[in-house]
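Shown next, in structure tokens, is the structure this report addresses.
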Amino acid sequence: MKVVWRWVRSCASVASPTTAGDETVSLLNDFATMCHQRDLPRAMHALDAMERRGVRAHDLTYAELVKCCLARRAVSVGKRVHRHVFSNGYLPETFLVNTLLNMYVKFHLLEEAHKLFDEMPERNVVSWTTLISAYSQAKLNDTAMRLLIGMLREGVMPNMFTFSSVLRSCERLSDLKQLHSFILKVGLESDVFVRSALIDVYSKLGELFEAQTVFREMVTGDPVVWSSIIAAFAQHSNGDVALNLYKRMRRTGFLATQPTLTSVLRACTSLSLLELGMQAHVHVLKYDQDLILNNALLDMYCKCGSVEDAKLIFNRMAEKDVISWSTMIAGLAQNGFSLEALDLFDSMKVMGPKPNYITMLGVLFACSHAGLVNEGWNYFRSMKNLYGIDSETEHYSCMLDLLGRAGKLDDMVKLIQEMSCEPDVVAWRTLLYACRAHRNVDLATYAAKELLKLDPQDTGAYVLLSNIYANSEKWNDVVDVRRTMRARGIRKEPGCSWIEVNKQVHAFILGDKSHPQIDEINTKLDQFISRLKGAGYVPDTNFVLKDLEGEQREDSLRYHSEKLAIVFGIMSLPREKSIRIWKNLRICGDCHIFAKLIAKLERRHIVIRDPIRYHHFRDGICSCGDYW
DNA sequence: ATAGGGTTAG
């Protein structure tokens, strides 16, 4: 192939300025000047004249022209230059073809790029890398990986550019390990682009430990490598590690950029650290035009239970995309403002972007938590027609939740049967929850069995089933379930509540007495309980898992972690501050009543965030309307 | 002539 290529090039008739006439010389000079000045119209005019005379310019000049087309986003002009460059059987230098290749890639004309790539007689590392990076960015990962193999087969050695591109197309850990050792062998691991890509991909494949190892081997500090590792931990619910890394990064002397701040906000969000999030907000103010950063800020305020601040930001944002709207709609719904969420969805239909399937999850959630069964059905049924959104399992789960809360167990079964996709763990679990709330033991048993078929390790299924039996006093069945759990080595996750006081997080775990002030908290809790009992509080033992009687049953409720956290909050925070608690399990009915009464008794605003939603307790009532 | 980090739901 190489021989033919040289031969063709030497035979092509090229007019060079030294042998051509004066007019041709000035024409070519003009052309070169236009190209360097990026004057596209006049350059193309000169090109017309050159074609009429059958002369051509130097390949370097054409490359300038192609870059000019790229900058002006002139697709058809670019294609004309492509034709001209290859006219009369002439084969341009590889760097010029690479420039054309790059142009097609940047115009997102992948097919054209690949066609040109196939026709190239000589392909160097830049040609391969340009194409690989194009496929990688288009998420056509298989093609990108196949191209890397083709490249190696032709004996072209990948460089750091190739690796940092192709790594992002690595979907299997085995491939990644192979690539990684190849990178080590050729000594490219110290390139900062390669390092940040390695961290990214290990993180994407859930290998945080490996990501951290790659990070630790960094010698020369680099802001993007820092940002990659911080994002890795923030995205995998290791908010505390992410925040510590961020502190270290700042100490090392790197400034907070938009991506790092976004990850910091996400970490604050997952840890419910409103105070710290507000501190980060101060830094965000520098970048108030950054859409992604504003979206993260919006989410932080919603998730940390401060909808008012979220609304202020939402209304002030100059640019809002589908994520901004979805975040705000879901945020309102989760905080108990379902009707406001649906109003916002109405405005979105008029003046916002097209809703996506996540937006619809927020809308259905709002209906579900407001008990709006008919509205929910309407939204669910019209999704496909109005917005072309297919119902995924998540949408079915929302609908099931809606029906379950409304006690429509028969409709739930019907919906599960007509699902277009296979019912998943969440669907069965939702049915199980509804059966508990509405005391349907037979259906519950069926749902639990289906659920355990899909996932025999589902702790929740055993606990729910056991609770349902306990609620209907079927103690023998309770014992059975617990025996199965023990046999399969399954343990109930202990209830855990956290509260932020003076920028420090205090954890309360069921049965754990390690908090330094635990005695004081317990005494205070006893006082509150007797005062509340005087005011008519009756502990609701329906939520006790154990087969115990009287005092003891009441006792195991007494130590629920959220009660301890509430009492600690009342003790440590001034009255004007909201008591914000987040917990790992859903709040039980007894703690819910307790929180309502204590909020009234102590004139406090209490916010409890569970894995699904928020409860704002104020003056004896909760924003969820006792419906959760 | 070719390469990097961030946001909604689950």
Side-chain angles (χ1 to χ4, degrees), chain A residues 59-60 63-64 66-67 70 92-103 105-106 123-134 136-137 158-168 188 191-201 203 222-232 234-235 237 242 249 254 256-267 269 284 287 290-300 302-303 320-331 333-334 355-365 392-395 397-398 424-426 611-612:
Chain A
D59 279 3
L60 276 170
E64 287 294 319
V66 175
K67 277 185 244 168
L70 193 51
E93 304 263 1
T94 306
F95 80 85
L96 176 54
V97 190
N98 282 341
T99 312
L100 283 163
L101 198 58
N102 181 45
M103 177 190 78
V105 169
K106 294 278 153 66
R123 293 183 283 241
N124 60 17
V125 59
V126 177
S127 335
W128 285 97
T129 304
T130 305
L131 204 64
I132 288 176
S133 123
S136 224
Q137 274 165 24
N159 59 17
M160 57 272 254
F161 291 81
T162 326
F163 284 122
S164 62
S165 297
V166 81
L167 274 171
R168 268 156 236 290
L188 284 173
D191 181 81
V192 287
F193 286 79
V194 174
R195 193 182 297 283
S196 65
L198 278 169
I199 293 173
D200 252 17
V201 186
S203 152
D222 178 82
V224 181
V225 175
W226 273 105
S227 146
S228 301
I229 192 71
I230 293 171
Q235 286 161 358
S237 329
M249 183 194 88
F254 290 103
T257 57
Q258 290 101 313
T260 32
L261 277 175
T262 307
S263 295
V264 165
L265 281 172
R266 181 164 171 165
T269 306
V284 173
Y287 310 109
D290 192 301
L291 176 62
I292 298 179
L293 196 43
N294 277 325
N295 284 343
L297 195 60
L298 200 58
D299 192 41
M300 190 277 291
C302 285
K303 292 264 166 48
K320 298 194 249 289
D321 65 357
V322 64
I323 296 184
S324 329
W325 287 87
S326 307
T327 305
M328 198 62 223
I329 289 171
Q334 287 164 341
N356 65 12
Y357 80 102
I358 295 175
T359 320
M360 296 315 294
L361 287 177
V363 171
L364 293 176
F365 186 98
E392 309 277 341
T393 26
E394 291 99 324
H395 298 109
S397 298
C398 265
D424 63 349
V425 196
V426 183
I612 308 282

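What you see below is based on every heavy atom in this structure, not just the backbone, and it leaves out hydrogens, waters and symmetry mates. Every chain is numbered from 1, with letters handed out A, B, ... down the list of sequences.
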Item checked: Donor-acceptor pair, side chain of A:His395 and main chain of A:Met360, under 3.5 angstrom -> no
When rounded to whole Å, the CD1 to P distance for the pair A:Ile132 and B:dG4 reads 13 Å
A:Leu167 atom CG is separated from B:dT2 atom C1', nearest whole Å, by 15 Å
A:Leu101 CG to B:dT2 C1', in whole Å, measures 9 Å
When all nucleic acid strands are considered with a 4.0 Å heavy-atom cut-off, which category describes A:Val105: base, sugar-phosphate, or nothing? nothing
Would you state whether a donor and an acceptor, one from the side chain of A:Asn159 and one from the base of B:dA3, lie under 3.5 Å apart?
no
Which of A:Leu100, A:Leu70, A:Thr130 passes side-chain contact (heavy atoms from CB on, under 4.5 Å) with A:Val105? It is A:Thr130
Out of B:dG4, B:dT2, B:dA3, minimum distance to the side chain of A:Val225 belongs to B:dG4
*Heavy atoms under 4.0 Å, any strand shown: does A:Val194 hit a base, just sugar-phosphate, or nothing?*
nothing
* Would you say A:Asp59's side chain and A:Glu93's backbone share a donor-acceptor pair under 3.5 angstrom? -> yes
Base, sugar-phosphate or nothing for A:Glu392? Non-hydrogen atoms, less than 4.0 Å. nothing
Given protein heavy atoms under 4.0 Å, the one-letter contact record of nucleotides 5-10 of chain B, with B base, S sugar-phosphate only and - none, is simply BBBBB-
For A:Phe193, the side-chain contact (heavy atoms from CB on, under 4.5 Å) test, sequence neighbours excluded, returns A:Ser164, A:Asp191
Does the side chain of A:Met103 reach to within under 4.5 Å of the side chain of A:Thr99, using non-hydrogen atoms?
no
Contacts of A:Asp299 meeting side chain to side chain donor-acceptor pair (under 3.5 Å) (sequence neighbours excluded), chain-then-number -> A:Lys303
When rounded to whole Å, the CG to P distance for the pair A:Leu198 and B:dA3 reads 18 Å
Exercise for review: Please work out whether the ring planes of A:Phe254 and A:Trp226 are parallel, tilted or perpendicular, with thresholds of 30° and 60°.
Suggested key: tilted
TODO: Please state whether the phosphate of B:dA1, meaning OP1 or OP2, lies under 4.0 angstrom from any side-chain nitrogen or oxygen of A:Asn102.
DONE: no
Checklist entry - Would A:Phe193 count as stacked on B:dA3 if the rule is ring centres under 5.5 Å and plane angle under 30°? => result yes
Q.
Quiz question: going by heavy-atom distance under 3.5 Å, is there a donor-acceptor pair between the base of B:dA1 and the side chain of A:Thr99?
A. no
Report yes if a side-chain nitrogen or oxygen of A:Gln137 is closer than 4.0 Å to either non-bridging phosphate oxygen (OP1 or OP2) of B:dT2; otherwise report no. no
